[in-house]
2 protein chains.
Amino acid sequence: MAPINRPEKARTSTFLPAGHDHIQCQRQALRAAEQQCQLDKVRLTPLRREVLELIWQNHRPVKAYDLLDRLKVNHPGAVPTTVYRALDFLLEHDLVHRLQSLNAFIGCGTPGDPHRGQFLICRQCGTVAELQNTDLHQQITEQAAGLGFQVDNETIEIFGACADCQRT
Amino acid sequence: MAPINRPEKARTSTFLPAGHDHIQCQRQALRAAEQQCQLDKVRLTPLRREVLELIWQNHRPVKAYDLLDRLKVNHPGAVPTTVYRALDFLLEHDLVHRLQSLNAFIGCGTPGDPHRGQFLICRQCGTVAELQNTDLHQQITEQAAGLGFQVDNETIEIFGACADCQRT
DNA sequence: AAGTATAACGTTATAATGTTACGTTTTTCT
DNA sequence: AGAAAAACGTAACATTATAACGTTATACTT
């Protein structure tokens, strides 16, 4: 399946600008998720919503069992299945990403957009930036095509030091 | 750390040409590993060598516990630590790669080369091709640099259908 | 509105993956 | 030969993820 190729410039959703209002950011993410679910005609149930809310508490990846611990506060009966089922739903509808290198999850800021999965991950502070680099995507797709390989999913996870952490 | 940027064209190590002589391929890989270890002045012990040999039995990723089962044939005392220690060694010396999306391992055909980790993975037959796409690497490094991010490691794992599997 | 199909969730058990800690053996280096 | 370092043995355990099956809630049809 050839990818959508919008003529946009490379952009990034984080690293966070100085005055980042996260309360607002989280609220906005949940609103976007609700809209996306309406469009997709699927149900963002209270449980799923709560998991998504927990994921959006910051811009660092969360592990499933941490999520579980946090979920238990309001949801004493929660067990691994509870979390993994919610995560499966959120992944399927592109509301969160899975970071394979970390076995962890992070909210997706742009649920409607073509969904790739290009991440910069700071080893030190753990902050993750999601890239939307169309050129990169296209270059990969083209090289693959040259080898007769038809791409259906890409995982790009780049580790290193973010600007803040380099200074320290 | 700025990457080595050799003016090479994009290349790939597999998908396998029609008449691929795997016995020869495996032997060659082990020879290369031995040489690399000599250069690095580290020891490719019988255990490590045996694990590497098992990994090179084909061009599909192997899971650690599968490796363990296979290792037990000649090595009844083997336990997870046995395998993971060998894998740690092999990874550290760039003799194998870890595929994060699969929790699996695969031999590296070019131990001496600058070591990135760009893979095409066929969902159907499981065959993996390692790419050495310098442009891709450079593009990532540059975009990251533009965000003040200093790359130290990249994981690129592309899933899809290889040429053979598309035909079926 | 009742009946039925489907989706979501609860519950228990277990599988798969990976690590820690500590002791012993082997190799290397002086 | 003796000391230091590396490799390996062994047991326990931590983390991550899924399977199987039953119940409850929601949506869909008539």
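Every chain is numbered from 1 and lettered A, B, ... according to where its sequence line falls, protein lines coming before strand lines. Just so we're clear, the structure is a prediction, and the values are computed from it rather than from any experiment.
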In terms of relative ring orientation, are A:His22 and A:His20 parallel, tilted or perpendicular, with 30° and 60° separating the classes? tilted
Can you give one letter per nucleotide of nucleotides 4-14 of chain D, going 5' to 3': B for a protein heavy atom under 4.0 Å from the base, S for sugar-phosphate only, - for none? ---SBBBB---
Summary of side chain to side chain donor-acceptor pair (under 3.5 Å) pairs that have at least one residue in residues 33-52 of chain B, sequence neighbours excluded: B:Glu34-B:Arg49, B:Gln36-B:Asp40, B:Glu50-B:Asn74
Show me the pairs that pass salt bridge (Lys or Arg N to Asp or Glu O under 4.0 Å) and involve residues 65-90 of chain A, at least two apart or across chains. none
Interatomic distance where CZ belongs to A:Phe105 and C1' belongs to D:dT15 [whole Å]: 13 Å
For A:Thr110 and A:Gln132, does a side-chain donor sit closer than 3.5 Å to a side-chain acceptor? yes
Measure CD/A:Gln100 against C1'/D:dT16 and give the value in whole Å, please. 13 Å
Would A:Tyr65 count as stacking on D:dT16 if stacking means ring centres less than 5.5 angstrom apart and planes tilted under 30 degrees? yes
Distance check needed: C:dT17 P versus B:Tyr84 OH, whole Å only. 7 Å
Flag, side chain of A:His97 to backbone of A:Leu91, donor-acceptor distance under 3.5 Å: no
Would you say a side-chain N or O of A:Lys63 is under 4.0 Å from OP1 or OP2 of D:dT16? yes
Integer-rounded Å distance: C:dA8 P and A:Arg49 CZ: 17 Å
If I take atom CG in residue A:Leu87 and atom P in nucleotide D:dA17, what distance separates them, rounded to the nearest angstrom? 9 Å
Take atom CG of B:Asn103 and atom C1' of D:dT18, then tell me their distance rounded to the nearest Å. 14 Å
For the residue pair B:Gln118 / B:Glu154, report whether a side-chain donor-acceptor contact shorter than 3.5 Å exists. yes
Can you tell me the distance, in whole Å, between the CG atom of B:Leu102 and the C1' atom of C:dA16? 14 Å
